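Since the structure comes first, as structure tokens, the remarks are kept for the end.
Just so you know, these numbers come straight off a predicted model, no measurement behind them.
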Amino acid sequence: MKKTIKKYIFFVMMCCVVLPVFAFDEGFVWGMKANFNGTATLPSISQSDLDKLGAAYMKGAVGYTMDGEAELGYLFGSERWFGMSPEVFSGVSVYGSIGIGNGFTGQVAGNTVGGNTVDVYVNINFAPVVSFGVGSKAYFLNNKLSLGLWLGSKLIADLSPSYLAYASDKGVLDSVVGEIIVDDFMIKNMNPFSFSTKLFFEYHQPINSNVEMTLSPYMRFNVYSPKYITMPQELMKLLQGAKPDFDPRTPLNSYFLNSLDFGISMGLSFKG
């Protein structure tokens, strides 16, 4: 048993020594990733728009999302393109990516109902959400590590997102779940796009000369201005009870549903 363990340890150590020989040097690189995200909604709205909603304040919430992503790019090796040894700085890549997954927004609104301020919680899940953009990576230590920046956009393609809504006072609103049906007016006028920027650190573990595993912690900030507010019918009735003159087709120009994603990516990269 001890001999078997020693052989296994020796094999792993040899792999760690030998595998770096296969580090990608330059050329076309494509890959696939799975992204596991925690996401924090960071709403922003002016007092004048809050007054239109009859709300005292608006806060965010934390949720979880997943998405898959495909990349295609070109790696410019440091020796050929920069005249440098790859042991420290190994090169730069540029790439494009497209992904698909789900999305989340969580909001807590303080609403005045019957003279009292009641917290109303709304969590909305979207699927599918399509992401696309371009990025660049700087490689170091014989392409074992890279630092990257990605700029792009997210498209909410869900016309019937699911929701969970409840209030701090059950007499005002008990827990309800359902779907928000996006009507024709919202389809034509509501903004489905958000702008995203992502910073990440990536570790590359070669398997052979053409394949490597990647592991990457990252943070992504999303700026989203929907222009209009959508909500379940139960909440719309509450809102119009407090603000009878409110029209859901009223634009809210200061209303932003920004978010911060933080997570881990795992995937495979292929050369050629």
Side-chain angles (χ1 to χ4, degrees), residues 37-65 67 99-111 119-133 151-167 173 176-198 220-240 242-243 245-262:
N37 312 297
T39 180
T41 306
L42 305 171
S44 174
I45 188 169
S46 69
Q47 187 59 52
S48 62
D49 280 343
L50 279 174
D51 292 340
K52 294 176 185 177
L53 300 171
Y57 53 82
M58 187 179 290
K59 300 183 291 185
V62 177
Y64 175 77
T65 65
D67 61 274
I100 187 168
N102 66 323
F104 168 88
T105 63
Q107 299 171 74
V108 183
N111 296 270
D119 285 331
V120 178
Y121 302 81
V122 185
N123 295 333
I124 303 175
N125 292 282
F126 306 93
V129 175
V130 181
S131 62
F132 49 91
L151 301 175
S153 183
K154 287 184 177 183
L155 167 64
I156 299 173
D158 190 352
L159 298 182
S160 56
S162 60
Y163 70 87
L164 164 66
Y166 57 97
L173 178 68
V176 291
V177 295
E179 292 185 344
I180 300 174
I181 304 302
V182 182
D183 61 26
D184 290 340
F185 175 85
M186 292 299 181
I187 292 173
K188 293 177 182 178
N189 295 278
M190 194 171 185
N191 174 33
F193 290 95
S194 66
F195 171 77
S196 300
T197 179
K198 179 169 70 172
R220 177 172 54 199
F221 187 69
N222 310 290
V223 179
Y224 179 45
S225 174
K227 296 184 181 179
Y228 297 87
I229 192 166
T230 58
M231 62 181 68
Q233 283 299 115
E234 293 86 352
L235 294 186
M236 186 62 69
K237 290 176 182 178
L238 285 176
L239 192 157
Q240 291 179 328
K243 298 286 290 187
D245 58 341
F246 176 75
D247 183 350
R249 298 187 179 189
T250 302
L252 304 172
N253 295 321
S254 72
Y255 180 47
F256 283 81
L257 275 177
N258 302 333
S259 60
L260 179 66
D261 299 336
F262 44 93

Approximate separation, where rounding is to 0.5 Å, of [X] [atom1] and [Y] [atom2]:
X	Y	atom1	atom2	answer
I180	L159	CD1	CG	12.0 Å
I156	T105	CD1	OG1	7.5 Å
E179	D158	CD	CG	8.0 Å
L173	D119	CG	CG	12.5 Å
I229	L257	CD1	CG	8.0 Å
L151	K198	CG	NZ	11.0 Å

Taking all atoms of both residues into account, what is the closest heavy-atom pair of [X] and [Y], and its distance?
X	Y	result
A40	V62	CB-CG2, 4.2 Å
V129	G103	CG2-N, 3.6 Å
S153	S194	OG-O, 2.7 Å
G101	D67	CA-CB, 3.6 Å
P226	M190	O-CG, 3.4 Å
L50	A56	CD1-O, 3.9 Å

Is there a donor-acceptor pair closer than 3.5 Å between any side-chain N or O of [X] and the backbone N or O of [Y]?
X	Y	result
T41	G60	no
Y121	L164	no
N258	Y224	yes
N191	K227	no

Practice item. Decide yes or no on side chain to side chain donor-acceptor pair (under 3.5 Å) for N102 and Y64, but give the supporting numbers first. Key: CA-CA 9 Å; N102 66 323; Y64 175 77; over 6 Å; no

Check whether any side-chain heavy atom of [X] sits under 4.5 Å from a side-chain heavy atom of [Y], and report yes or no.
X	Y	result
F221	L42	yes
Y228	P251	yes
Q107	M231	no
T230	V182	no
Y255	K52	no
I45	L53	yes

Practice item. For Y166 and N123, test the side chains for any donor-to-acceptor distance below 3.5 angstrom and give the result as yes or no. Key: no

Exercise for review: Consider only side-chain N and O atoms of N222 and S196, and report whether a donor and an acceptor are under 3.5 Å apart.
Suggested key: yes

Check your understanding: Could you go step by step and tell me if K154 and D261 meet the salt bridge (Lys or Arg N to Asp or Glu O under 4.0 Å) rule?
Key -> CA-CA 13 Å; K154 287 184 177 183; D261 299 336; 3.0 Å; yes

